Amino acid sequence: MADALALIDANNFYASCEQAMDPALLGQPVVVLSNNDGCVVSRSSEARQLGIAMGKPYFQLADQLTRHGVVVRSSNYALYGDMSQRLMSSLEPFVSELEVYSIDEAFVRLPRPAHGDLSDWASDLRSRIRHNLGLPIAIGLANSKVLAKLANHTAKGDHHHAGIFDLTRYSNQDPWLERTPVEEIWGVGRRLSRWCRLRGITNARELRDMASGELRAKAGVVGLRLQLELQGVSCLPLDDSPSAKQETCVSRSFRRPVCNERELREAVASYVSRAAEKLRQQRQRAGRLTVFARTSPFSPGFYSQAASTALQLASNDTAVLLQAALQLVPHIYRPYKRFAKAGVLLQELQPENQLQQHLLSQLSAEEQQRRETLMQSIDRLNRRYGRGTVQWAACGLQPAWMMRREQLSRAATTRLSDLPVVWAQS
């Protein structure tokens, strides 16, 4: 019997992580806000039932949230990233192949038993993840990735299925495909959905059954693969080894406008430090660096500027990248401008184990090893005791421009000082 494909998705991931770390929030309406506590980016099921709108600015919802007793949390990316890694690691023993699709989603392949029913496997997996991590997950099963995505949507949206939906159990799949608008099909973008609507193709079933030649003329081989996926033919393999990144970017909006060069330098230094950590995690080096900053697009006199430099030797050494980046700050800074956001972009990435030497800027093997050891030591300390335990002076001490996160929960899985303390009395 053919293998099954499944999409496993953690429900309301950010809000569920907050509830998992604080049992007092279980059963309570919870919302998580975006950077600078801007707008709602995640809602618990209880908050959804109250009609809390996704993406709505927090200041417009504040009174409504208070009136309904909704718990508000700022985005805690350290917690969410760690919980995502734990989730993916927990899935691996139960599947044959796994592709991490996003922070809270994974495509998996697994063999079907002789009787073909995977309900027991799915129920057991949901129970284990809920028990071990406190996260609710939904599982959609099908014969292709596009259909698995559709099945997962049904598993999450229809409580009658208890978080599990196997599309292959239905010989007639038309009713489920007809419920899916063409805009909501995984892989269908805005242009293709508009093109389909103009031709009377309104749902997944109609796209599956339309003339292949017409679809190929519009969308080429990609369109044909999408149609075959809707027909249950698996055309999109699982990618268990993601391709190397081409660029790495770190950017943030400021808590308040930055108006002087010193604060802009601190912000750029902080983002470079974080970007360098990412590079080392990815085992890559950067050959080019760009810094950029802009004012608010909603304010008069909008200003945006970027500056770039090429490194003589590709590097992921924070000190090297800081030196290059801080030299660019005077090129983007302008007096009397109220900067709202800044960032750094690392480009021309190459594998860490390949280093093209420069005739005029040699780096001896001993010096290279010494610098790599230093960076590894700093990374280990920050992983063990929490990010920022060892920081570069150029980043400043408790800068006032740091991103607003007034409702931030504890980093209870990544920082020793934030571990919950339990007192027991005999």
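Residue numbers count from 1 along this sequence. Since we're looking at a predicted model, the values are computed, not measured.
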Decide yes or no for [X] and [Y]: does some side-chain heavy atom of the first lie under 4.5 Å from some side-chain heavy atom of the second?
{"X": "V95", "Y": "R109", "value": "no"}
{"X": "F13", "Y": "M83", "value": "yes"}
{"X": "Y333", "Y": "V268", "value": "no"}
{"X": "T180", "Y": "I185", "value": "yes"}
{"X": "D104", "Y": "D9", "value": "yes"}
{"X": "I103", "Y": "S84", "value": "yes"}
{"X": "C196", "Y": "L207", "value": "yes"}
{"X": "L328", "Y": "T290", "value": "no"}

Practice problem: Check the angle between the aromatic planes of Y80 and Y14 and answer parallel, tilted or perpendicular using the 30° and 60° thresholds. | Solution: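 Because their plane-to-plane angle is under 30°, the rings of Y80 and Y14 count as parallel.
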Quiz item: Parallel, tilted or perpendicular: which fits the ring planes of F254 and Y271, with parallel below 30° and perpendicular above 60°?
Solution: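 Parallel, since the angle between the ring planes stays under 30°.
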Quiz prompt | Pair L230-L147, side-chain contact (heavy atoms from CB on, under 4.5 Å): steps then yes or no | solution = CA-CA 6 Å; L230 287 171; L147 289 180; 4.3 Å; yes
Give, for atom [atom1] of [X] and atom [atom2] of [Y], the distance between the pair rounded to the nearest 0.5 Å.
{"X": "N36", "Y": "R256", "atom1": "CG", "atom2": "CZ", "result": "12.0 Å"}
{"X": "L326", "Y": "R265", "atom1": "CG", "atom2": "CZ", "result": "4.5 Å"}
{"X": "M54", "Y": "R43", "atom1": "CE", "atom2": "CZ", "result": "5.5 Å"}
{"X": "T389", "Y": "R380", "atom1": "OG1", "atom2": "CZ", "result": "14.0 Å"}
{"X": "L91", "Y": "I137", "atom1": "CG", "atom2": "CD1", "result": "6.0 Å"}
{"X": "Q391", "Y": "S270", "atom1": "CD", "atom2": "OG", "result": "6.0 Å"}

Taking atom types as modelled, find out whether [X] and [Y] have a side-chain donor-acceptor pair closer than 3.5 angstrom.
{"X": "R280", "Y": "T318", "value": "yes"}
{"X": "Q85", "Y": "S89", "value": "no"}
{"X": "S409", "Y": "N76", "value": "yes"}
{"X": "S74", "Y": "D37", "value": "yes"}
{"X": "T248", "Y": "Q282", "value": "yes"}

Exercise. Take R86 and D82, measure what salt bridge (Lys or Arg N to Asp or Glu O under 4.0 Å) needs, and give me the verdict at the end.
Key: CA-CA 6 Å; R86 292 171 186 243; D82 184 69; 2.6 Å; yes
For [Y], does its backbone N or O pair with a side-chain atom of [X] as donor and acceptor, under 3.5 Å?
{"X": "D317", "Y": "R371", "value": "no"}
{"X": "W121", "Y": "F94", "value": "yes"}
{"X": "R191", "Y": "V188", "value": "no"}
{"X": "S34", "Y": "C39", "value": "yes"}
{"X": "S42", "Y": "A15", "value": "yes"}
{"X": "S296", "Y": "F298", "value": "yes"}
{"X": "S144", "Y": "E229", "value": "yes"}
{"X": "E18", "Y": "V32", "value": "no"}
{"X": "R338", "Y": "C259", "value": "no"}
{"X": "E206", "Y": "T202", "value": "yes"}

Tell me if the [atom1] atom of [X] is crowded by more than 12 foreign heavy atoms within 6.0 Å.
{"X": "D120", "atom1": "CG", "result": "no"}
{"X": "R334", "atom1": "CZ", "result": "yes"}
{"X": "N353", "atom1": "CG", "result": "yes"}
{"X": "R384", "atom1": "CZ", "result": "no"}
{"X": "L397", "atom1": "CG", "result": "no"}
{"X": "R194", "atom1": "CZ", "result": "no"}
{"X": "Q60", "atom1": "CD", "result": "yes"}
{"X": "E367", "atom1": "CD", "result": "yes"}

Quiz item: When you look at Q49 and S45, which way does the side chain to side chain donor-acceptor pair (under 3.5 Å) test go after all the steps?
Solution: CA-CA 6 Å; Q49 293 171 7; S45 56; 5.0 Å; no
Give me the atom names and distance for the closest heavy-atom approach of [X] to [Y].
{"X": "N316", "Y": "E352", "value": "ND2-OE2, 3.1 Å"}
{"X": "A286", "Y": "L346", "value": "CB-CB, 3.9 Å"}
{"X": "L133", "Y": "S90", "value": "CD1-OG, 4.0 Å"}
{"X": "I139", "Y": "A155", "value": "O-CB, 3.6 Å"}
{"X": "V291", "Y": "A325", "value": "CG1-CB, 4.0 Å"}
{"X": "L321", "Y": "L279", "value": "CD1-CD1, 4.3 Å"}

So does [X] pair up with [Y], basic N to acidic O under 4.0 Å?
{"X": "R383", "Y": "E277", "answer": "no"}
{"X": "R262", "Y": "E266", "answer": "yes"}
{"X": "R285", "Y": "E372", "answer": "yes"}
{"X": "R128", "Y": "D124", "answer": "yes"}

Quiz item: E46 pairs by side chain to side chain contact (heavy atoms under 4.5 Å, CB included) with which of Q19, H68, Q28?
Solution: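 With E46 as partner, Q19, H68, Q28 yield a single side chain to side chain contact (heavy atoms under 4.5 Å, CB included), made by Q19.
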Practice problem: Give a yes or no on whether the ring-centroid distance for W401 and F339 is below 6.0 angstrom. | Solution: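 Not under 6.0 Å, so no.
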Practice problem: Check the pair I378 / W392 against side-chain contact (heavy atoms from CB on, under 4.5 Å), numbers first and verdict last. | Solution: CA-CA 10 Å; I378 292 175; W392 300 81; 4.0 Å; yes
Exercise. Assess whether side-chain contact (heavy atoms from CB on, under 4.5 Å) is satisfied between Y101 and K149, documenting all intermediate values.
Key: CA-CA 11 Å; Y101 179 63; K149 186 79 171 178; 4.1 Å; yes
Practice problem: Quick one: do T66 and V72 satisfy side-chain contact (heavy atoms from CB on, under 4.5 Å)? Show the steps, please. | Solution: CA-CA 9 Å; T66 301; V72 179; over 6 Å; no
